[in-house]
Amino acid sequence: MKTLASPRQNNRQESVFMSNFVVLDHPLASHHTAILRDKNTPSQMFRTTANKLTQLLLVEATRDLNLKETSIETPLTGMKAQKLAQRLAIVPILRAGLGMVDPVLDMMPQAEVWHLGLYRNEETLEPVIYYNKLPEDDPADVVIVVDPMLATGGSASATLQVVKKWGVPKVKLMSLIAAPEGVKRIQAEFPECQVYLAALDEHLNDKAYIVPGLGDAGDRIFNTVK
Ligand code: PRP
Ligand code: URA
């Protein structure tokens with residue numbers, strides 16, 4: 001897959017990562033990411049900005065979806081048109097992933113939403129699953145896991161394991177911001193998973209927060225910053 005990144009980012013990525021991921025390279029993506037990162041951005045604006053970035057990511061993540069031909073009537077004539085052919089599901093990782101659900105459903109109202117509740121233990125950094133609504137059979141054709149932050153990759157890895165158990169043939173991950181550590185982990189454990197990011201940051205700090213990052217995404221989305 002083509003990596004969409006600025007030349008400066010590209011040099012770094014090519015030396016560290018494999019190719020199965022996309023970093024948005026668009027002025028709108030940079031602009032909205034700057035708003036998200038700003039500590040003075042209030043929660044309501046944080047949510048609407050995350051929505052916009054999610055839709056930009058979704059355009060990239062759905063680029064390879066299959067189409068089927070269908071007959072329609074315009075007000076002027078009959079014609080053959082193309083509509084989406086595949087069953088698409090999103091899996092938001094609660095809680096912060098909920099902030100990426102509405103913008104996907106706005107663009108793809110037919111998408112299924114299967115929730116997975118998971119938090120990162122602050123001491124061990126290990127993911128703890130507390131809610132799993134994924135079925136065990138009849139998998140969707142394409143699943144997009146959504147979570148604004150890919151830090152150590154522990155939460156995404158646990159989620160992708162559950163999605164894989166469901167038997168999904170094509171799995172993608174959309175995050176707003178990632179650390180190199182998280183991307184590398186997902187690529188090593190799930191080389192077939194396509195990863196879509198608005199930004200790839202520098203590193204994790206000693207509490208495994210992404211730097212420069214945006215802080216705690218769930219707290220900023222749900223206005224629970226203490
Ligand atoms: C955040 C974020 C990811 C996870 C990323 O969730 O939304 O799920 O941390 O970190 P990792 O890559 O190191 O696993 P958090 O655990 O804070 O829970 P929340 O969404 O309920 O706030
Ligand atoms: N979770 C967040 O919400 N932010 C980070 O920087 C890391 C994990």
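One-based numbering, in listed order, for ligands and for the atoms of each.
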Just which atoms of ligand 2 are under 4.0 Å from any heavy atom in [X]?
X: Gly215; result: 2 (C), 3 (O), 4 (N), 5 (C), 6 (O)
X: Ala151; result: 7 (C), 8 (C)
X: Arg120; result: 7 (C), 8 (C)

Next on the checklist: Taking side-chain contact (heavy atoms from CB on, under 4.5 Å) as the criterion, tell me which of Ile177, Leu173, Ile210 meets it with Leu150.
Outcome noted: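 It is Leu173; the other options fail the test.
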
Next on the checklist: How close do Leu197 and Ala178 get, counting heavy atoms only, and between which atoms?
Outcome noted: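 Shortest heavy-atom separation between Leu197 and Ala178 comes out as CD2-CB, 3.5 Å.
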
Next on the checklist: Using every non-hydrogen atom in the two residues, find where Met45 and Ile35 come nearest and quote the distance to one decimal.
Outcome noted: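 That would be CE-CG2, 4.0 Å.
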
Item to check | Pairwise distance CG(Leu88) to NZ(Lys170) - rounded to 0.5 angstrom | outcome: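 Taking CG in Leu88 and NZ in Lys170, the distance rounds to 11.0 Å.
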
Item to check | Ser155 OG to Leu160 CG distance, which is reported to the nearest 0.5 Å | outcome: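 Atom-to-atom, Ser155:OG and Leu160:CG are 10.5 Å apart.
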
Checklist entry - Looking at ligand 2, does any of its N/O atoms fall within less than 3.5 Å of an N/O of Ala217? => result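 Among all N and O atoms of Ala217, at least one is under 3.5 Å from an N or O of ligand 2.
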
Next on the checklist: Regarding ligand 2, does Ile210 bring an N or O atom to under 3.5 Å of one of the ligand's N or O atoms?
Outcome noted: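 For ligand 2, there is an N or O atom that lies under 3.5 Å from one belonging to Ile210.
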
Checklist entry - Going through the checks in order, is the side chain to side chain donor-acceptor pair (under 3.5 Å) test met by Thr224 and Asp219? => result CA-CA 5 Å; Thr224 54; Asp219 281 343; 2.6 Å; yes

Among all protein non-hydrogen atoms, which one is nearest to [atom], and what is the separation to 0.1 Å?
atom: atom 5 (C) of ligand 2; answer: Tyr209 CD2, 3.4 Å
atom: atom 17 (O) of ligand 1; answer: Asp216 OD2, 4.0 Å
atom: atom 13 (O) of ligand 1; answer: Thr152 OG1, 2.6 Å

Item to check | ligand 2 contacted by Ala179 (non-hydrogen, < 4.0 Å) | outcome: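 No; Ala179 lies far enough from ligand 2 that no heavy-atom distance drops under 4.0 Å.
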
Checklist entry - Closer than 4.0 angstrom: is that true for some heavy atom of Arg220 and an atom of ligand 2? => result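 Per 4.0 Å heavy-atom rule, Arg220 does not contact ligand 2.
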
Taking both backbone and side-chain atoms of [X], is any N or O found less than 3.5 Å from an N or O belonging to ligand 1?
X: Ser155; result: yes
X: Asp219; result: no
X: Ala151; result: yes

Item to check | Flag: protein heavy atom within less than 4.0 Å of atom 6 (O) of ligand 1 | outcome: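 No, there is no protein heavy atom closer to it than 4.0 Å.
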
Checklist entry - Measuring to protein heavy atoms, does anything land under 4.0 Å from atom 2 (C) of ligand 1? => result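 There is a protein heavy atom less than 4.0 Å from atom 2 (C) of ligand 1.
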
Next on the checklist: One pair to check against side chain to side chain donor-acceptor pair (under 3.5 Å): Ser71 and Lys80. What are the steps and the verdict?
Outcome noted: CA-CA 5 Å; Ser71 298; Lys80 302 275 186 223; 3.2 Å; yes

Next on the checklist: For Met107, is the CE atom crowded, meaning more than 12 foreign heavy atoms sit under 6.0 Å from it?
Outcome noted: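 Yes, enclosed.
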
Checklist entry - So, does Arg87 use its side chain to make a donor-acceptor pair with the main chain of Asp141 at under 3.5 Å? => result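 Side chain of Arg87 to backbone of Asp141: no pair is present.
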
Checklist entry - Transitively linked via ILVMFWY side-chain contacts under 4.5 Å: Val183 with Leu125? => result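 Looking at the clustering, Leu125 is in a separate group from Val183.
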
Checklist entry - Any link between Tyr209 and Ile221 through a network of hydrophobic side chains (Ile, Leu, Val, Met, Phe, Trp, Tyr) touching at under 4.5 Å? => result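 As far as the 4.5 Å side-chain criterion goes, Ile221 and Tyr209 are not connected within one cluster.
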
Item to check | Per-residue contact class, Ala208 against ligand 2 - non-hydrogen pairs under 4.0 Å | outcome: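 The part of Ala208 near ligand 2 is the backbone, not the side chain.
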
Near [X], which atoms of ligand 1 are under 4.0 Å from a heavy atom of that residue?
X: Tyr119; answer: 16 (O)
X: Arg120; answer: 10 (O), 11 (P), 13 (O), 14 (O), 16 (O)
X: Ala96; answer: 7 (O), 20 (O)
X: Gly154; answer: 12 (O), 14 (O)

Item to check | Intermediate values then yes/no, side-chain contact (heavy atoms from CB on, under 4.5 Å), Val145 and Ile93 | outcome: CA-CA 7 Å; Val145 173; Ile93 305 180; 3.8 Å; yes

Next on the checklist: I'd like to know if Gly153 contacts ligand 1, where contact means a heavy-atom distance under 4.0 Å to any ligand atom.
Outcome noted: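 Right, Gly153 reaches ligand 1.
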
Item to check | Close approach of Asp147 to ligand 1, heavy atoms, under 4.0 angstrom | outcome: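 Asp147 counts as a contact of ligand 1 under the 4.0 Å cut-off.
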
Next on the checklist: Checking Arg47 against Ser43 for the side chain to side chain donor-acceptor pair (under 3.5 Å) test, could you report, in this order, the C-alpha distance in whole Å, the side-chain angles of both residues, the deciding distance, and whether it holds?
Outcome noted: CA-CA 6 Å; Arg47 284 194 295 273; Ser43 186; 3.1 Å; yes

